[in-house]
Amino acid sequence: MISAGNDIVALQAVDTQRTQSPAFYSKFINPAEHALYKPDEISLVNFVWLLWSAKESAYKYLKRFDAELVFAPAKITVQQLRIRTPLKTNADAHNQYSGKLRANDVALSFLSVITDQFIATTIDKGDVKWAVKQIETSDYESQSKAVRSFLLDDLKMPGTTIEKHPAGYPVLLKDGKELDVAISFAHHDRYISYSIANS
Amino acid sequence: MDRKEILIELKKVLTPYTENKEMLEGINEQTDLIKDLKINSANLVDIIIDAEAQYSIEIDFDAAEKMYNVGNCIDVISEKINKPA
């Protein structure tokens with residue numbers, strides 16, 4: 001079974017002062033993960049939200065295998081974080097990262113981009129395509145519609161529709177039949193992102 | 001503080017993080033923070049930090065991970081409030 005998982009954090013929408021408080025980040029970043037923080041490479045705010053987005057991406061990825069899974073970021077451990085070279089995304093990224101994490105017994109790799117505006121992450125498993133877009137409005141309904149249109153417009157496949165699985169994740173259909181690809185959506189404030197994975 | 005009183009205070013904690021104020025007014029113990037109130041997951045830690053301040057308690061993430069619906073939030077807060085010092 002193929003899966004996909006992504007996340008986006010709009011940096012304008014986060015409380016940067018609160019983010020830098022140990023009382024905040026220690027809720028989901030353990031001391032071993034904090035040791036990955038390199039102040040000369042990444043700000044603390046970006047580091048904290050990068051780890052958050054990696055963990056959220058992993059949760060979405062694993063939710064397809066366990067419909068009852070609950071998001072528990074403290075139980076997903078980022079084990080490696082590296083700056084890397086250009087990624088398969090449309091984002092005009094300032095910094096690009098790859099990393100490894102572990103959730104229960106599952107090891108996953110992830111890719112992230114950080115700009116001044118957002119941090120976007122996807123799980124890197126299979127043939128992954130991944131994109132980010134800025135939208136005009138930030139209400140939930142607009143975000144939800146926009147991210148679906150964004151993917152369908154990029155796919156350019158007539159007869160393609162998106163439905164929500166009872167477990168909560170999106171599925172892609174063509175002429176009513178589920179396709180053998182996995183999709184994941186993320187939105188925060190005025191940013192939307194999708195990830196699509198082929199086996 | 002009983003469950004009804006905790007619920008009243010919890011609404012104040014959740015208010016800044018949901019655009020669905022009508023649904024917030026009518027929340028019950030089954031209301032899901034993300035699915036029903038459309039709270040962005042990026043705000044979940046904010047809610048925990050605000051709840052800690054609101055009720056003068058400390059919520060570790062083992063407890064926090066249960067706080068995905070209103071009833072579970074009340075369970076966690078109630079347990080922490082009533083925990084002997």
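The sequence lines fix the lettering, A, B, ..., with proteins before strands; numbering per chain opens at 1.
Interface remark: B:A42 contributes backbone and side-chain atoms alike to the contact with chain A (heavy atom separation under 4.5 Å). Neither the backbone nor the side chain of B:N20 comes within less than 4.5 Å of any heavy atom of chain A. Only the side chain of B:I48 has a heavy atom closer than 4.5 Å to any heavy atom of chain A. For a residue to count as touching a neighbouring chain, one of its non-hydrogen atoms must lie under 4.5 Å from one of that chain's; by this rule A:V70 touches chain B with the side chain only.
Under the 6.0 Å cut-off for aromatic ring centres, A:H34 and A:Y25 qualify, their centroids lying closer than that.
Using cut-offs of 30° and 60° on the angle between ring planes, the pair A:F24 and A:W49 is tilted.
Contact check on A:K55 versus A:E33 returns a salt bridge, with a Lys/Arg side-chain nitrogen under 4.0 Å from an Asp/Glu carboxylate oxygen.
For the atom pair CD1 of B:I27 and CG of B:L37, the computed distance is 6.5 Å after rounding to the nearest 0.5 Å. Distance check: B:K35 NZ to B:N69 CG gives 9.5 Å after rounding to the nearest 0.5 Å.
If you tally non-hydrogen atom pairs under 4.5 Å between each of A:S53, A:A23, A:P73, A:A74 and chain B, the highest count goes to A:P73.
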